[in-house]
Q: 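I have a structure here, written as structure tokens, and I will follow up with some questions on it.
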There are 2 protein chains.
Amino acid sequence: MPRAGLTPQTVVREAAVLADEVGHDRLTLAALAARLGVALPSLYKHVRGVDALHQKLAVLATTEVATELTSAAAGRAGGDALRAAASALREYARRHPGRYPATQRAPAPDDPEHLAAAERAVGAIYAILRGYDLSGDAAVDATRMFRAAVHGFITLEAAGGFGLPRDIDRSFDEMVAALDTAYRNWRSR
Amino acid sequence: MPRAGLTPQTVVREAAVLADEVGHDRLTLAALAARLGVALPSLYKHVRGVDALHQKLAVLATTEVATELTSAAAGRAGGDALRAAASALREYARRHPGRYPATQRAPAPDDPEHLAAAERAVGAIYAILRGYDLSGDAAVDATRMFRAAVHGFITLEAAGGFGLPRDIDRSFDEMVAALDTAYRNWRSR
DNA sequence: CCATAAAGCTAATGCCATTAGCTTTCGGCG
DNA sequence: CGCCGAAAGCTAATGGCATTAGCTTTATGG
């Protein structure tokens with residue numbers, strides 16, 4: 001019988017695909033093993049367990065998000081950059097409904113790769129806000145607001161939390177426009 | 001042997017207490033049965049299963065949140081009401097870390113109690129925004145933004161997603177102030 | 001008092017995660 | 001060319017949780 005030829009890399013990548021298909025909470029070692037054509041315990045040769053798998057998925061997703069944000073912001077500034085970054089994040093979440101929630105997991109303090117990815121993602125937003133002349137504590141606060149608003153919107157949308165018939169895309173655009181307004185008036189308040 | 005004297009009510013209430021203690025995702029029929037001094041399958045006399053338990057918990061939590069929001073807004077208007085509602089929500093989440101996530105679950109279309117509670121909660125926010133002269137689509141969009149921002153902030157905070165040393169309470173206050181700014185300038189944009 | 005509905009129990013099944021220990025493949029080195 | 005060791009993969013066993021079936025017992029109302 002030939003070997004499956006797995007590596008930690010391929011396992012996590014397939015886990016990401018699976019998570020997108022069945023949902024983040026239904027990502028299970030059993031399902032992953034079945035999809036890889038391997039017995040469940042074999043996965044332990046590549047991953048420490050289900051929690052470690054989720055952790056690795058978090059690193060993967062956070063890295064991807066950081067890249068999306070960075071390239072959305074590239075060559076843009078101010079409101080343009082803000083809109084591009086917000087849309088990039090929401091589209092990533094729509095395209096990868098299983099990966100996106102993994103992004104919420106806080107990096108372990110001893111995982112340099114995860115820490116670096118998270119910092120890249122936050123840094124991309126932070127950089128955009130410097131275009132509004134925000135820095136220091138104000139930039140930190142504004143970054144947190146951006147993350148909260150966009151992440152909250154994505155989460156509520158995914159959970160089906162918006163009941164009314166009003167178009168959700170429009171609401172998102174309005175929210176981002178309101179963020180722009182808030183950032184432009186941040187100091188004078 | 002005397003009977004435990006459970007009812008669906010007491011079971012859900014104890015589930016809420018347990019969820020707050022051990023976390024929403026660790027709310028388990030096994031743990032709940034142990035805490036109630038009853039064998040696990042006995043719970044099925046009061047609840048259809050673990051999913052139904054989570055659903056009932058969602059109704060309970062949503063009802064509580066609606067009450068908190070309503071009484072926070074009572075007797076206040078404009079920025080005062082906004083700040084009070086935002087704080088009430090965050091404090092509820094801090095006080096009830098296991099119940100709060102249950103609040104995210106979308107009501108089943110055939111559960112009038114859940115639907116009513118969700119509508120009460122959203123209605124309280126909607127009412128506050130009428131104080132900013134927002135109505136119609138604008139009020140819907142502004143309500144969604146409020147929910148997204150506050151919910152996102154709560155979620156990120158609970159997940160330990162804010163790494164930097166900057167004081168989180170301050171960031172929250174700034175965010176709510178920025179929302180106030182955005183709402184006051186909503187039309188002129 | 002006693003009959004019955006409901007409360008609670010034990011037993012059994014199935015799924016998932018984890019650990020232990022065995023077998024087999026593959027790549028490098030004599 | 002063959003062998004040998006590390007790593008890949010397997011089976012078996014254990015334990016936790018959810019669920020269903022079917023039994024026993026407690027209240028309670030007639």
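Residue numbers start from 1 in every chain, and the chains themselves are labelled A, B, ... in the order their sequence lines are given, proteins ahead of strands.
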Q: Could you pick out which residue, A:G49 or B:P8, lies toward the 5' side of DNA chain C when each is mapped onto its nearest nucleotide?
A: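 This one resolves to B:P8.
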
Q: Do other residues, nucleotides or ligands put more than 12 heavy atoms under 6.0 Å from the CZ atom of B:R35?
A: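 Buried by this count: over 12 neighbours within 6.0 Å.
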
Q: I want to check something: taking the side chain as every heavy atom from C-beta on, are B:D141 and B:W186 in contact at a cut-off of under 4.5 Å?
A: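 In short, these two side chains touch, coming nearer than 4.5 Å.
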
Q: Does a side-chain N or O from B:S42 land closer than 4.0 Å to OP1 or OP2 of C:dA7, or not?
A: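 For C:dA7, OP1/OP2 do not have a side-chain N/O of B:S42 under 4.0 Å.
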
Q: Let me know the distance between CG of A:D51 and C1' of D:dG16, rounded to the nearest Å.
A: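 About 17 Å, once rounded to whole Å.
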
Q: Starting at NE2 of B:H54 and ending at P of D:dT19, how long is that distance when rounded to a whole Å?
A: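 These atoms are roughly 11 Å apart.
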
Q: My understanding is that only one of A:T10, A:V11, A:L18 makes a side-chain contact (heavy atoms from CB on, under 4.5 Å) with A:L36; could you say which?
A: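 Of the listed residues A:T10, A:V11, A:L18, the side-chain contact (heavy atoms from CB on, under 4.5 Å) partner of A:L36 is A:V11.
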
Q: Whether B:D133 and B:R130 form a salt bridge (side-chain N of Lys/Arg under 4.0 Å from carboxylate O of Asp/Glu) is what I want to check.
A: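 No, this pair does not count.
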
Q: Could you check how far CG of A:L43 sits from C1' of C:dC16, rounded to whole Å?
A: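 After rounding, the gap between these two atoms is 12 Å.
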
Q: Counting only side-chain heavy atoms from C-beta out, which of C:dA17, D:dC17, D:dA8 sits nearest to B:T28?
A: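 Side chain of B:T28 sits closest to D:dC17.
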
Q: Produce the list of close N/O pairs, under 3.5 Å, pairing protein atoms with atoms of nucleotides 20-22 of chain D; give distances to one decimal.
A:
none

Q: Between B:Y126 and B:F146, does a ring-ring contact (aromatic ring centres under 6.0 Å, His included) hold up when you go through it step by step?
A: CA-CA 10 Å; B:Y126 195 88; B:F146 178 88; over 10 Å; no

Q: Spell out, as yes or no, whether a donor-acceptor pair under 3.5 Å connects the side chain of B:D20 to the backbone of B:R99.
A: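 The answer is yes, because a donor-acceptor pair under 3.5 Å joins these two groups.
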
Q: Measure the distance from CG on B:L29 to P on D:dC17 and round it to the nearest whole Å.
A: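 The answer, rounded to whole Å, is 10 Å.
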
Q: State, yes or no, whether a side-chain contact exists between A:Y100 and A:H151 at a heavy-atom distance under 4.5 Å.
A: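 A:Y100 reaches A:H151 side chain to side chain.
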
Q: Nearest whole angstrom, please: distance from the P of D:dA18 to the CG of B:L53.
A: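 Taking atom P of D:dA18 as the reference, CG of B:L53 is at 10 Å.
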
Q: Using a cut-off of 4.0 Å on non-hydrogen atoms, how would the nucleic acid contact of A:A30 be classed: base, sugar-phosphate, or nothing?
A: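 Since only primed, P, OP1 and OP2 atoms lie under 4.0 Å of A:A30, the category is sugar-phosphate.
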
Q: Figure out the CG/C1' separation between A:L36 and D:dA8, and round it to whole Å.
A: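 Going from CG in A:L36 over to C1' in D:dA8 covers 13 Å.
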
Q: What is the distance, rounded to the nearest whole Å, between atom NE2 of A:H46 and atom P of C:dA17?
A: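 These atoms are roughly 16 Å apart.
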
Q: In whole Å, what is the span from the CG atom of A:L40 to the P atom of C:dG14?
A: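 Going from CG in A:L40 over to P in C:dG14 covers 18 Å.
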
